[in-house]
Amino acid sequence: MAANYKGATFKCLVEGPSSSLAEVSERSDIVTGHPALWPLGRACDWKRSDGAGTITTYSGSWPGTVESLVLLVGGAVLTLTPRRQQPRTV
């Protein structure tokens, strides 16, 4: 939640990541930020300085993405695996 304080676009402007191919300006219309799932984090679409479209940069980390994926799969396996019933003693 703290990673997206004031929105992903604001975070792109303030923290980046940026690119050497991106337009350098104080205007806020040069970048659009959004969540990225692969790698898990933030993606920033910057207007190119040569005017030929946009360039996308990512703030996510592959170790964090892999760790999240392992935890997600592990949780799903634990949730979906049937539990063994203990034999009842009389």
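This chain uses plain numbering: 1 for the first residue, then up along the sequence. Heavy atoms only: backbone and side chains are in, while hydrogens, waters and symmetry mates are out.
- Panel note: side chain T57, backbone S19; no donor-acceptor pair is recorded below 3.5 Å.
- Under the 4.5 Å side-chain heavy-atom criterion for Ile, Leu, Val, Met, Phe, Trp and Tyr, V66 and W38 are members of distinct hydrophobic clusters.
- Grouping the Ile, Leu, Val, Met, Phe, Trp and Tyr side chains by contacts below 4.5 angstrom, directly or via other members, places L21 with L13.
- Looking at every heavy atom in both residues, T56 comes nearest to A43 through CG2-CB, 4.2 Å.
- One finds the CG atom of D45 at 10.0 Å from the CD1 atom of I55 (value rounded to the nearest 0.5 Å).
- Between C12 and W46 the shortest heavy-atom distance is O-CZ2, 3.5 Å.
- Residues S18 and C44 have side chains not in contact (no heavy-atom distance under 4.5 Å, counting atoms from C-beta outward).
- In the hydrophobic clustering, where aliphatic and aromatic side chains (Ile, Leu, Val, Met, Phe, Trp, Tyr) are joined below 4.5 Å either directly or transitively, L40 groups with L37.
- Side chain of R42 to main chain of G16: a donor-acceptor pair is present (N/O by atom type, distance under 3.5 Å, no hydrogens or angles).
- Hydrophobic cluster membership of L80, counting Ile, Leu, Val, Met, Phe, Trp and Tyr whose side-chain heavy atoms lie under 4.5 Å apart directly or via other members: none, as it forms a cluster of its own.
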